[in-house]
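Please read all numbers here as calculations on a predicted model, not as lab measurements. Below, chain A is the first sequence line, B the second, and so on; all start at residue 1.
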Amino acid sequence: MQSIAAKLIRPLHGVGQSFNYWAFQIGGLCILMARIMVNMLPWRWQFDGPETWRNLYRVGVKSFPIVAVTALLTGAIMVIQSGLYIEQYGAYGLLGWGAGYTILREIGPIMIGLMFSGRVGANNTAELGTMKVTDQIDALRALAIDPIGYLVMPRFLAMIIMMFLLVVVGNFTALVGGAITSQLLLGVNMKLFAWSVITYVFLDDLFHGLIKAVAFGFAIAIISCHFGLNTQGGAVGVGRAVNASVVGSAIAIFVLDYIITFASM
Amino acid sequence: MIVVDNISKSHLGRPVLENVSIEIPEGTNLGLIGPGGAGKTLLLKIICGLVKPDSGKVTIGGIDVHKLGATQLADLRFRIGMLFQNYALFDFMNVADNIAFPLRQEGTLGELEIAERVKKALHDISLSTIGNRFPNELSGGMKKRVSFARAVIRQPPILFYDDPTAGLDPVISSKIFILLRTMQQERGTTAVTISHDIGGIKEICDFFAMIDRGQIIFHGNRDAIERCEIPLVMQFWRGFSDDDLDG
């Protein structure tokens, strides 16, 4: 009798565990966001200058090469993909518009966001997670230093600022990649490509992508810090936290992309 | 005076500490001993406010540690130094910056004075030449000593040491114990020392408590522990095993 009851209850146990897990993660994300916001109030403003500079360099400057290469290739691929149809209809004047519109509004922020979450977000979670499992976070607290002000705020600011700047640089690099490819593969003059971009792509398209960049930077920062600070269980736990952080960031990027795109229509 | 009053704490439904009560008079050093996994480190973290207990309270100088706001807790922690069991050195700082970190955060000393203090601290732990190295370049024993220097650099009146001599050779262990004793005598620090080095803590502690499976099974001064007839306490104190400890 008891074993039948146990068998009946087992699936519910799994559901309960899943519910607890998600409630903990969502609650934790909300609490972390609230604590960051409180830290940003003028009378509670607390963050470490040198640590912020260190993070700006680590997050931004070190990510630049990989973002530049990715963006250059993305721009080139966009032109190659659209090249077939452009040649078919002879609409060479629309090549710059097609590439520029999609790069600035969608492909640029999404590609760079995913690269950023894989490189910077994962690194951030691993660093904070290792600090957590080796008691370094507790050591900070024991020294009367708030880990939010000292560790999270610099990372949070650095990730938002650098995500924004990397998308600006990445967009430009992608357009350069597109222009070079259009000249070399399709024989479309770079000046025509640039004219098409300047004429048909509006500032709105650029701002739309930059809003996404800030939103993605915000999400990656919060998610990577949350999973890092809540790491448990040694090296295995750090691996799990990094995995959860990258998956969570990727999902957040697409959900936010959908919401922002929908809201701007 | 530090008072631990009826503290209980569970982890994943399993009780780790059960109704633990201890008093540590001001200016004394309590030696906390017990088997691995008995709950010693957790108790230390609860005492200094890093972990909240499920029930009970901890007061330091009459102030309930777990009822303090963030600012008051930070003020209290400026008066506390803690040496962690697994060093907890900051990976991204070199040794000198690790030791200087508490002083820089306090913000009351200039860089020159901080550098002087760090130099003296490194000399005291016989590691004068490693200031520029990073924690991942050090042996376990060296990390322990650097962690010790960081814990005491602010000269706090309350100190918690979690196994200060684990992984150290007998000469350095003895030197660390002498430093602990000197600090207590010169500055009247109140301390809790977790250690498995019974010979060492015999020399530096005024009171002893033994914790087993989350419960205090002995609390008293040196005479009392010498006369104690609880088998596990006797085995620990005298360093022998004639019985199954798990029994």
Heavy-atom proximity to chain B below 4.5 Å, by part of A:Ile137: neither
Side chain from CB out, backbone as N, CA, C, O: work out which of these in A:Ile145 comes under 4.5 Å of a heavy atom of chain B, or both, or neither. side chain
Per-residue contact mode, [X] against chain A (heavy atom under 4.5 angstrom):
X: B:Phe84; result: side chain
X: B:Leu89; result: backbone
X: B:Leu50; result: both
X: B:Phe160; result: neither

If the condition is ring-ring contact (aromatic ring centres under 6.0 Å, His included), which residues does A:Phe164 pass it with, not counting sequence neighbours? none
So which atom in B:Ala74 and which in A:Ala144 form the shortest heavy-atom distance, rounded to 0.1 Å? O-CB, 3.3 Å
Quick check on [X]: does its [atom1] atom have over 12 non-hydrogen neighbours (other residues, nucleotides or ligands) under 6.0 Å away?
X: A:Phe172; atom1: CZ; result: no
X: A:Ile66; atom1: CD1; result: no
X: B:Leu112; atom1: CG; result: no

Kindly provide each donor-acceptor pair between chain B and chain A shorter than 3.5 Å, listing atom names and distance.
{"from": "B:Lys45", "atom 1": "NZ", "to": "A:Asp135", "atom 2": "OD1", "distance (Å)": "3.0"}
{"from": "B:Lys45", "atom 1": "NZ", "to": "A:Asp138", "atom 2": "OD2", "distance (Å)": "3.1"}
{"from": "B:Leu50", "atom 1": "O", "to": "A:Arg141", "atom 2": "NH1", "distance (Å)": "3.3"}
{"from": "B:Leu50", "atom 1": "O", "to": "A:Arg141", "atom 2": "NH2", "distance (Å)": "3.1"}
{"from": "B:Arg77", "atom 1": "NE", "to": "A:Arg141", "atom 2": "O", "distance (Å)": "3.4"}
{"from": "B:Arg77", "atom 1": "NH1", "to": "A:Arg141", "atom 2": "O", "distance (Å)": "3.2"}
{"from": "B:Asp91", "atom 1": "N", "to": "A:Gln136", "atom 2": "OE1", "distance (Å)": "3.3"}
{"from": "B:Asp91", "atom 1": "OD2", "to": "A:Gln136", "atom 2": "NE2", "distance (Å)": "3.0"}
{"from": "B:Arg154", "atom 1": "NH2", "to": "A:Leu143", "atom 2": "O", "distance (Å)": "3.4"}

